[in-house]
Every structure is written in structure tokens, then in C-alpha cells.
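Quick notes on the structure that follows.
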Amino acid sequence: MSIGGSDLDKAIAQLRACRPIPENQVRELCYKARELLIEEGNVVGVDAPVTICGDIHGQFHDLMELFRVGGDVPDTNYLFMGDFVDRGFYSLESFLLLLCLKVRYPDRITLIRGNHESRQITTVYGFYDECLRKYGSANVWRYCCEVFDYLALGALVTGAATSLSPTDGPLADTTNADSIPDPDADIEIETLNANGEIMYRYARNSDSQSSSAASQPNSTPASSSPIAPTPSRVGAAGTGATSSANGSSRNDTGAILCVHGGLSPLIDTIDKIRLLDRKQEVPHEGAMCDLLWSDPDEIDGWGLSPRGAGFLFGADIVKCFNHKNDLSLIARAHQLVMEGFKEMFDSTIVTVWSAPNYCYRCGNVAAILELGEDGSNAGFVRRSNGDAGGGGGGWVLGSNVGNGGGGGLNRRLSSVLGEQQRAREGPGRRYRVFEAAPQDSRGMPAKKPVADYFL
Amino acid sequence: MAAQEIPNLRTLLGNRRGGPSRGRERGRGFPGASHEGNGALKDNAVRNTDQDAASSRVSCVELGYLNDSYAKLFATQPVTRRLPLLNRGTYVRTSAIDLLVDQFLTTSPESPKQIISLGAGTDTRYFRLRDKYPNSQLIYHEIDFPTNTAAKLSSLQRHPQLYTKLTSNSPPNPLSVAPSATTYHSATYNLHACDLRTLTTSDAASAAPLPNVDPSIPTLLLSEMCLVYLQPSTVSAILLTFLQKYIPPPTPVALVLYEPILPQDAFGRTMISNLSTRNISLPTLNAYPTLSTQRQRMKSEGFMDGFKAADTDFIWRQWVSEDEKERVAGLEMLDELEELELLLKHYCIVWGWRDGGLEGDGLFTKAWQNVGEQEGGEPGDGLKAG
């Protein structure tokens with residue numbers, strides 16, 4: 001059979017119910033997906049508005065929760081930064097659903113490769129075994145791996161607004177109203193919980209950064225109870241996402257580079273990523289490997305990665321790369337962060353993590369990052385950006401306190417770069433934070449996951 | 001997830017609680033915690049989980065984490081490869097306890113010593129120690145639920161590598177023991193089939209006999225994920241029995257615990273919730289939630305000459321040499337670094353001792369003087385790295 005049109009919609013419906021599709025349909029789907037992906041460059045161009053997502057890792061029910069919180073496809077544009085498979089129970093259904101959506105709505109969803117989209121890693125971390133178990137042969141795993149080889153290595157988001165138009169959602173219970181800036185203010189960051197309630201909002205140029213940040217000590221909804229039943233929801237799924245991400249005032253933000261892991265010492269310009277031959281298994285070393293494996297860290301320059309692949313890179317590396325490539329932000333995934341997202345190095349790089357209660361064990365919340373569309377108000381004069389470069393260590397959101405000590409480095413860097421080379425103003429960033437979905441509430445087959453402990 | 005954890009979709013419905021309960025790495029030395037009439041099921045589960053523990057150990061051995069030729073002799077189920085993160089955790093925990101035991105045995109090596117392993121399950125430590133210290137005067141005791149001691153004895157009778165180890169030291173030959181037996185006693189190795197909760201009597205004179213336990217020689221009590229399943233008051237009573245009756249003062253005695261900590265953060269809450277769905281509760285976890293409460297506990301239980309603690313993340317960083325770290329890191333690609341750190345920070349080793357009046361010069365003080373403990377561990381700073 002061929003998978004297109006109504007067949008594709010049928011496959012999507014079946015996968016949404018967390019039921020695998022037959023092997024011949026998988027083959028057809030993968031063939032179609034490859035035809036599509038082969039046309040994409042190594043760095044896919046993506047226009048805002050777009051919602052950026054981190055690791056999924058086969059947590060299918062949580063992916064459904066992500067769509068509920070962030071809006072459904074094709075109403076919301078999505079960019080997934082890899083690691084669709086491994087670890088969770090439903091890698092197959094998760095990846096095939098995303099792939100179906102990609103084939104069905106190619107301009108609405110972008111998939112880039114993570115380090116787990118690899119033959120070698122999937123044989124250790126579960127996807128291979130899952131395919132074998134669900135189909136009785138490794139054919140489906142092979143089809144999927146062939147698709148992995150064609151996934152882009154990164155994406156470049158342009159046209160993102162520098163300011164958010166504030167949502168009109170209510171304040172979350174835990175939010176201190178005094179810390180919420182005036183609605184007319186130029187909103188740079190907003191954090192919403194899964195109900196669309198405002199947990200935190202920060203205006204650009206605000207001096208209240210540290211105080212309002214401090215007023216949100218670890219107040220993510222899940223921090224009180226990661227396993228509590230999901231509270232009742234307000235409003236229909238996905239209705240607000242795209243429209244609320246709209247509307248902005250200025251368009252002077254630089255582009256946003258999205259990549260699964262991070263930077264590579266072999267890559268100093270985005271054009272160099274474009275020159276790589278990506279259609280292969282993820283190599284053990286080299287630029288392509290680094291993009292999928294590296295991590296930012298509180299170091300100067302480059303360091304060896306304890307993962308055994310990729311590198312660690314410091315604030316100086318990120319700031320130089322962003323400046324050279326006219327970027328305002330790097331968005332990446334790859335590392336579990338308990339609060340779902342973590343901005344580092346004066347908000348020049350952010351980690352987005354979208355697998356809540358990772359491996360059914362970690363108790364973390366997940367986040368997605370919405371970037372609004374730049375409005376047409378081109379005549380708006382850009383305001384100077386205060387003193388962000390020397391602001392003393394960048395963002396501390398929730399308990400994201402991992403960037404202590406960055407301030408000194410940033411100050412040094414600012415003086416090196418000088419006023420002319422000040423980093424681009426970042427885009428307005430709306431984080432939606434969500435918890436793990438209740439496992440058996442959607443009529444989908446769900447096994448109560450059994451996480452391993454040392455007992 | 002490893003292969004055996006991936007659900008077969010066809011079997012899911014109507015099997016909500018199904019599947020083998022896995023991951024319990026020790027027998028517990030007592031029947032399942034409930035008295036709800038499903039004792040046989042629980043016994044079976046214990047036996048299964050103990051087998052699971054054996055195959056976890058084999059996974060570590062086969063990949064080169066641990067050197068333990070005995071592990072596979074106790075594994076009767078097919079060995080499945082564990083995730084690198086779990087192999088690493090098993091490695092850290094085993095080597096940490098090995099280190100404390102080694103320091104104990106090599107301090108005054110000529111004098112007799114005793115180890116009592118609570119809920120020992122399929123542990124291979126006795127046989128490894130026999131090889132490593134063939135001349136030590138060590139009396140080794142394992143106390144466990146009869147189901148587990150019977151299974152262990154059966155393994156001993158099945159494998160020449162095991163029973164020859166025993167006969168070469170002292171009689172009786174394990175082969176001469178009835179196949180249905182649950183206990184084994186010799187001058188060097190003893191299997192006690194005993195529910196630990198029967199050792200809580202306040203009347204020391206009426207405590208159950210533990211044959212061959214020598215009340216006069218320095219003794220190390222080991223509890224790897226064993227006492228944590230009991231009520232804190234029960235644990236205190238058991239320890240009191242050991243410290244007053246079996247190993248009375250002034251005999252030096254120490255306790256090494258391996259247990260989870262930090263039940264109140266997101267990972268800890270999830271752990272408690274996940275385990276409760278498997279009918280496992282960890283009563284002492286809430287009673288001693290941090291390193292500092294664990295230290296305080298040791299002191300108040302009577303191990304007042306030393307009471308120290310470190311989480312296994314600290315132990316990996318500080319106790320394992322750089323060369324060894326490099327060797328272990330090279331065994332498997334480990335992509336679970338953040339998760340590994342989380343997991344390792346939620347388990348700790350606690351070691352405390354009573355030296356019997358020899359202040360500053362006691363055996364355990366000497367043995368463990370160079371073993372680094374972790375500072376802090378007050379509520380709230382448990383997640384700081386060492």
C-alpha cells in the first residue's frame with residue numbers, strides 16, 4: 001500500500017492512540033520521509049513563530065501532553081531537537097508519529113537529529129529491542145535508522161520577536177503578583193505552567209531581575225508532587241499557543257541556532273555545518289559528532305566531555321560563536337534539567353528538556369520554548385540593552401543556579417569584545433512547563449513503568 | 001530500558017500489576033512486609049528478585065566492572081545486560097563496601113575477625129574474601145530469609161568452585177547437608193535462616209541462637225539494602241540485640257549501611273511512589289533522610305566512636321582512583337550522566353563503630369582513619385556535590 005493522503009491520516013490516528021502501524025506502512029513512511037529530508041540542508045531554515053522542544057525519549061504519553069500544552073500540529077509549528085527514541089517504553093510510536101506529522105505537514109514540523117538517533121546508541125538504550133519485540137524482526141529498526149541518517153543537524157530560526165505579547169492568563173497560585181511587571185512592559189521571558197497560568201514574567205531592562213527571579217524559588221508545579229494527578233485543565237487543548245505567541249513589537253533579534261548537543265571546536269561558522277556530509281551514522285568524533293554530543297559548562301574555552309564523545313564548551317566560546325554568526329541565542333537539548341529549561345551564560349544558550357519524569361524515575365518537569373513571530377512594526381526604535389553583558393552571572397530562574405561564577409567571565413568577555421561587539425538582544429522567550437502525563441487516562445495502552453533502583 | 005522491560009503491547013491489558021518485580025538486589029532476611037495472606041506469592045517474589053540481583057551482578061562482571069568469578073554461579077536466570085547507569089551504580093556500591101571491608105581485614109591482619117551480612121541473598125563476598133585473604137582468620141555469617149538461604153545452599157552444593165572453597169577450610173562438606181536444609185554452619189562460613197525481626201527481643205537472654213557467632217572478636221555488620229525495609233524501631237531493636245547480646249561490649253563492632261537518602265526531593269518522591277506500586281516501602285528512609293541524620297543515627301544506636309557517611313556520587317568522585325575511573329568509564333559509553341549523578345546522590349554508605357574503650361587506638365578507628373567522608377548532608381544541602 002502507499003501511505004499518503006487519507007492513509008497517512010489513518011496512520012496518524014492510529015499512532016496517536018499509541019498503536020504501532022504495520023511494518024509495510026512503516027517502510028513506506030520512512031521512504032517518504034527520506035525523500036523529504038534529503039531536500040533539507042544540514043541546517044534547516046525555520047521561521048518564527050515556532051515552539052522548540054528537547055528530548056522526548058519514547059515517552060509517548062508525555063509527548064501527547066506536550067501537544068496538549070503547546071498546541072496541536074498543524075496549529076502550532078514545532079521544532080524537535082532530537083532524541084526521540086530510547087529509554088522510554090514507546091520510542092517506536094513516538095518517532096513514527098513525529099515522522100508521520102513531518103510527512104503530512106512538512107512546513108509545520110522540523111526534526112533534527114539527536115545523539116540517540118544512531119544505530120549504535122539505539123542498540124544499547126532500548127529502541128532496537130523495542131522494535132524487535134513489537135515486530136519480531138529488526139526491519140523496522142533498520143528503516144528508522146535509515147531515516148536518522150537523513151535528519152538535519154541543526155535549525156536556524158529567524159524572524160523571532162524580541163518581546164512577547166503577554167498572555168492574559170491568570171497568575172499561578174505560587175506566583176507573587178508583585179514580581180510580575182506591568183503588562184505594558186517589554187516582556188522578555190514568561191514562564192507558564194501546563195494550565196497556562198503565569199509562573200513568572202520578566203521585562204527586559206528590568207532591574208528587578210534578581211528579586212523577581214528569587215521570588216520563584218523552585219515553584220514549578222511539579223516540585224511539590226511530580227506524581228500527583230494532573231490538575232483539571234482550563235480551556236481546550238492547544239488553543240492559545242499560536243495566537244498568543246503572536247504579536248510583538250520589534251524585529252532586531254538575531255537568529256536562533258537549534259542543535260541537539262552544542263558547539264564543536266571544528267565549527268566556527270554555521271556555514272561550516274552546512275558543508276558537512278551528514279548522511280551517515282553518527283561518527284565517534286568530528287564536527288558532526290560534537291554537534292550532537294557536546295555540553296555547555298562553566299569552564300573557559302573547551303574541555304573534555306565525561307560522556308566520551310563531544311566536548312564541553314564555556315561562555316566565551318558561546319559568546320564568540322553567537323557574535324560571529326549573528327545569533328542571539330543557541331537552543332539545545334541533550335541534558336536533563338530538573339526545571340525543564342536552563343539558561344546559561346547571560347541567556348546566550350538555553351537547554352530545553354521535554355521529557356518529564358525522565359525514565360519514569362527522575363521526578364523532573366519538562367519545558368518547551370515558544371518564540372513569537374516578529375511583528376511588522378519595523379519603525380520601532382531599538383532600545384539599548386542596559387548592561388546585560390556585565391549583569392553578574394545571567395539568569396537564575398527557579399532553581400537554575402548552575403551558572404554561578406559566570407559573571408566574572410562575562411565581564412572579562414565584555415571588555416574583550418567591547419561595546420561594538422555586544423551580543424545580540426535575545427528573542428522573547430515563553431517557556432511552558434509541564435509534568436508527566438497520567439499514564440492510563442487516555443485510553444491508550446499503558447504499562448505502569450517500572451523504574452530500576454538499587455534494592 | 002533494557003529489553004526485558006519493554007512491554008509487549010499484546011500482554012498489557014489485564015496485567016496492570018504484572019510482570020516480574022525486578023531490581024531487588026537482596027533478600028531481605030524476612031518475609032514480605034505484609035501479612036495479608038499472600039505470603040507464598042511474596043516469598044516467590046523475593047526469590048525472583050534475589051535471582052535478578054544475581055544477574056545484575058553478572059552483568060557487571062561480564063562487562064568488566066567487577067571481578068567476581070562466583071557471581072554467575074548464583075544466577076540461574078538468563079542474564080540480561082543492564083543499562084550502563086545501573087552497572088556503574090552497582091560498581092560504585094560494591095567497591096565502596098569492598099574498600100571498607102578490606103580496611104577492616106587488613107588492620108591487625110593476624111587477629112580473628114567476624115563479618116555478619118544481614119539479608120545477604122546471593123552475595124558473593126565471602127568467596128571473594130577467601131580468595132583475597134586466604135590466611136585471614138575470618139568467620140563469615142549470612143542471615144537471610146529461609147527461602148534465600150535454602151537457594152544459596154543449593155547453589156553451594158551444585159558448584160564445585162563453591163563447595164570446595166568451604167571444605168578446604170573446615171568441615172562439614174556442604175554436600176553432606178540435606179538438600180532440604182536451610183542452614184549451614186562451619187568454623188568459617190555460616191548461613192543462618194532467620195527472620196531478622198525475631199532478633200528484636202528486649203530480653204537478651206532469650207534472643208535466637210546464632211551458632212558460631214563469636215561474641216569476643218571484632219565484628220563488622222553489613223546491611224546492603226536490608227534494614228531499610230524495616231520500621232526504625234525494629235531496626236534499633238535488632239541493632240541493640242547485636243550490640244548487647246551477640247557482640248557485647250567491649251568487643252569492637254561496626255556497621256556498614258548501604259541505603260537510599262533524600263526522600264523529599266523530586267527524585268526521592270518519585271522513587272518512593274514508584275516503589276510503593278511494587279509494594280515496597282522504605283520506612284527508615286523517612287526516618288534518616290540525609291547524611292547528617294544517618295550519622296546521628298549511628299551515634300545514637302551505639303556506634304559512638306565513629307559515625308560517617310558519604311553518598312555514592314561522592315564515593316565515585318573521591319574514593320575511586322583516577323586510573324580506575326578511567327578504566328570504568330571506558331567499559332561502556334554512558335550517555336546518562338545527569339541521571340547517574342541524580343541516582344548516585346540518592347544512595348549512601350554509612351559506617352559507624354564502637355571500638356570498645358580503646359579511644360583513638362581502636363581497631364575500627366585505625367582501619368578507617370583514611371576513609372574520606374562527605375561534609376555536610378544537612379537537610380537541604382544534600383544535593384551539593386562533595
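Every chain is numbered from 1, with letters handed out A, B, ... down the list of sequences.
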ask   = With chain A, which of B:Glu338, B:Glu259, B:Met333 has the greatest number of heavy-atom pairs at distances under 4.5 Å?
value = B:Glu338

query = Where do A:Gly363 and B:Ala266 come nearest, in terms of heavy atoms and distance?
reply = O-CB, 3.1 Å

message = Within a 6.0 Å radius of atom CD on A:Glu285, are there more than 12 heavy atoms belonging to other residues, nucleotides or ligands?
response = no

ask   = Counting only N and O atoms by type, is there a donor-acceptor contact under 3.5 Å from the side chain of A:Tyr125 to the main-chain atoms of B:Asp335?
value = yes

Distance in Å, A:Asn364 CG paired with B:Thr270 OG1, rounded so as to fall on 0.5 Å steps = 8.0 Å

Value rounded to 0.5 Å, distance of CG in B:Leu85 from CZ in A:Arg361 = 5.0 Å

ask   = By a 4.5 Å heavy-atom criterion (distance strictly below it), what part of A:Leu132 contacts chain B: side chain, backbone, both, or neither?
value = neither

query = What distance separates A:Cys362 SG from B:Leu343 CG, expressed to the nearest 0.5 Å?
reply = 8.0 Å

Contact origin within A:His116 toward chain B - heavy atom pairs under 4.5 Å = side chain

query = Is there side-chain contact between B:Leu342 and A:Met338, with at least one heavy-atom pair below 4.5 Å?
reply = yes

query = Does the pair A:Arg307/B:Glu336 count as a salt bridge with the N-to-O cut at 4.0 Å?
reply = no

task = Drop me the distance from A:Tyr358's OH to B:Phe267's CZ, to the nearest 0.5 angstrom.
result = 12.5 Å

